[in-house]
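Working notes, structure below.
Side chains are part of it too, since the values below use all heavy atoms of this structure and drop only hydrogens, waters and symmetry mates. Throughout, a chain's letter reflects where its sequence line sits, starting with A, and its residues are numbered from 1. Quick caveat: nothing in here was measured; it's all calculated off a predicted structure.
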2 protein chains.
Amino acid sequence: MRCAPKLAPASSLAAFALDDFESRSGSAASVVRTIAGLYLRHQSAPIPRPRAIELACAAGISSPAAQTAISRLIDRGLLEPVQTGELTVTAPAKAMFARGNRRIFTPRNMSNADHWVLVAFSVPESLRALRHQLRKHFIQLGGGLVSAGLWIFPEYLHAEVLEVLNALEARRYATLFVAQSPQYPGDARQAAAQWWDLAKISKLHHAFLATTAGLDAASAGEHIAYRSYVTLIDAWRAIPYLDPGLPEAMLPESWPGQESRQRFLEISESCKVRAQRYASLLLGR
Amino acid sequence: MRCAPKLAPASSLAAFALDDFESRSGSAASVVRTIAGLYLRHQSAPIPRPRAIELACAAGISSPAAQTAISRLIDRGLLEPVQTGELTVTAPAKAMFARGNRRIFTPRNMSNADHWVLVAFSVPESLRALRHQLRKHFIQLGGGLVSAGLWIFPEYLHAEVLEVLNALEARRYATLFVAQSPQYPGDARQAAAQWWDLAKISKLHHAFLATTAGLDAASAGEHIAYRSYVTLIDAWRAIPYLDPGLPEAMLPESWPGQESRQRFLEISESCKVRAQRYASLLLGR
DNA sequence: TCAATTTCTTGGCGAGCGTCACAATACTGA
DNA sequence: TCAGTATTGTGACGCTCGCCAAGAAATTGA
């Protein structure tokens, strides 16, 4: 019998039931993880380890870095060796990838008329760690902090908020409301700037735009398209989580969100098919 | 020039802009106040003081008690002597009575589908008195406390909540949401029992039911009808303020609200016209 | 595998909020 | 007007909140 995948003490279990962003985008670990989510998870047959490494190398990762990255994903329980030198994506990882799919590839924006989800919670001081966890995951989900103990989300995140609460076994400490038309003291932009860390989110977008600036791979070959696509997804992946996609009326003057989103959709559209073909080519060898 | 009406230091000003319940129902002061709201305020001509006293006596108040009660209402600025021995209801008092009219005489009940108003507020520690005021008026308005700093009201109280916030100059510290379908940890009844002081509200209803138990004045004369009606209104007046009229799904097993409300409507219907006629009779003398 | 760096967890801190108790005030009825 | 009573305003307390910093742990690339 094989050893169970090693899990970090507290958070990884929840992170697995939820979603994690434990590697920095652009790093070898992150890119391999992206590749796993994009291609490996759809393979029904086990993948020979050299093929996986080739996929990573083709995306610009050095061979030894890819080696270690894969080993570490095995340790984390995302990948699983089935035979000597062959790998599969584990079931919980597949589920996790599937959950993230819609959010990443069809990022949503709110309109001014969209509704909200409010979460009012109060946990006793004895469970302080839980509070921290909740705050962390709420931020990671795109939540804003209205006032102490009251969080706000776009309504399209309703289900995911409940998932967080359930996964952390905090459902009993929270009350949810579906709300419309908030009436703040000032205007909408003031409220948004107070509830969300817009500076941080803006930085994410600018980093994405910088990373993907030279990625016009419309007329390049399949290899370049593949590499561009993986880079794109890897740089993009976390953004639709942290950015709630606030309606235009709540955002500051020059907000990079729209440009960023458009860039993603354009390059994605332009590279996706050829990237897939190239990945299949490597995997099918 | 006459002295301005004496006002208590802080609260009466706000209470005048809002509504006050500074006298206990059933007391002479309260009954005279009820009579002022029911009849005196509709008189265009000044009312001779003896007539006002007769109205109070006819409702079961002793003559000297009526005297002092009227004097005190003058001190409070609700009544105003225009000539020697003649009275009018002051303009702000008329406005206050008018505001209370709909709430008292057409008490509302929520249905299970009705929406809510959420008020999230946060005031700095330096304005602690304001916090107390807010809490007091929110309770007096039928609000429930969801968690620290988050109050909930039936949506039909939306305007009145805003009035409280404006009158206390607290608009800038509060954010309002119109919400639907709260999702509590437990069931609806548990949530209501936690958010509102249902025991206190229940006591109010039972007190009302006890006071109005023997008031079947359907076939009595105009005097009895008048007396019953004033007693009824006086005993009832505060209830629609403190009771939000929660939907049936949120109330405990044996809730007196429905019976109480029905009793009010029945006796009101049965006595109103005759009571009015009797009051006109006394006033027209 | 290993060291540098970054993250994350953990505990302390100040602030906001409701509750409670007490003193001052206001109300009540004779 | 006056004494008895109830209510209200005020301050202290405990709880929970987010924030911050230091220590622990994990991640990263070679």
[X] side-chain N/O to [N] phosphate OP1/OP2 under 4.0 Å:
X        : N      : result
A/Arg76  : D/dT27 : yes
A/Ser122 : D/dC17 : yes
A/Lys136 : C/dT7  : no

### Task
Not counting sequence neighbours, which residues clear side chain to side chain donor-acceptor pair (under 3.5 Å) with A/Ser63? List them please.
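Result, side chain to side chain donor-acceptor pair (under 3.5 Å) vs A/Ser63: none returned.
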### Task
Would you please name every residue forming a side chain to side chain donor-acceptor pair (under 3.5 Å) with A/Ser30, sequence neighbours left out?
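With sequence neighbours excluded, A/Ser30 shows a side chain to side chain donor-acceptor pair (under 3.5 Å) to A/Asp234, A/Arg237, given in chain and number order.
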#### Entry: 5' priority, DNA chain C, between A/His132 and B/Ser126 [closest heavy atom]
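Upstream on the strand: A/His132.
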#### Entry: 5′-ward residue of the pair A/Arg128/B/Gly26 relative to DNA chain C
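Nearer the 5' end of the strand: A/Arg128.
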### Message
Using five pairs at each end of the helix from C/dT1-D/dA30 to C/dA30-D/dT1 to define an axis, what is the angle between those two axes, to 10°?
### Response
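Rounded value for the end-axis angle: 40°.
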#### Entry: Those residues that, when tested against B/Arg131, pass salt bridge (charged side-chain N to carboxylate O under 4.0 Å, His left out) (two or more places apart)
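With sequence neighbours excluded, B/Arg131 shows a salt bridge (charged side-chain N to carboxylate O under 4.0 Å, His left out) to B/Glu125, given in chain and number order.
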### Message
Looking at every non-hydrogen atom in both residues, tell me the closest pair between B/Phe153 and B/Gly143 and how far apart they are.
### Response
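For B/Phe153 versus B/Gly143, the nearest heavy atoms are CE2-CA, 3.3 Å.
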#### Entry: Salt-bridge present (A/Glu160, A/Arg103; N to O < 4.0 Å)
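Salt bridge between A/Glu160 and A/Arg103, a charged N being under 4.0 Å from a carboxylate O: yes.
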### Query
Does a donor on one side chain sit under 3.5 Å from an acceptor on the other, for B/Arg49 and B/Ser71?
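B/Ser71 and B/Arg49 do have a side-chain donor-acceptor pair below 3.5 Å.
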### Which nucleotide in D/dG29, C/dG16, C/dT28 has an atom nearest any side-chain atom of A/Ser27
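Nearest to the side chain of A/Ser27 among the choices is D/dG29.
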### Task
Indicate, with a heavy-atom threshold strictly under 4.0 Å, whether B/Phe121 touches base, sugar-phosphate, or nothing.
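Here B/Phe121 touches the backbone only, sparing every base.
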### Query
Expressed in angstrom and rounded to an integer, what is the separation of A/Leu134 atom CG from D/dC17 atom P?
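That distance rounds to 9 Å.
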### Query
Between B/Arg135 (CZ) and C/dC20 (P), how many Å, whole number?
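Roughly 10 Å, once rounded to whole Å.
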### Query
Hey, can you pull the residues of residues 58-73 of chain B with a non-hydrogen atom under 4.0 angstrom from DNA chain C?
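Nucleic-acid contacts, sorted: B/Thr68, B/Arg72.
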### Task
Measure the spacing between CG of B/Leu145 and CG of B/Asp197 and express it to the nearest 0.5 Å.
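B/Leu145 atom CG to B/Asp197 atom CG measures 11.0 Å (nearest 0.5 Å).
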Quiz: residues 166-175 of chain B side-chain donor-acceptor pairs under 3.5 angstrom, not counting sequence neighbours:
unit_1   : atom_1 : unit_2   : atom_2 : d
B/Asn166 : ND2    : B/Leu162 : O      : 3.2
B/Arg171 : NH1    : B/Ala174 : O      : 3.0
B/Arg171 : NH2    : A/Gln183 : O      : 3.2

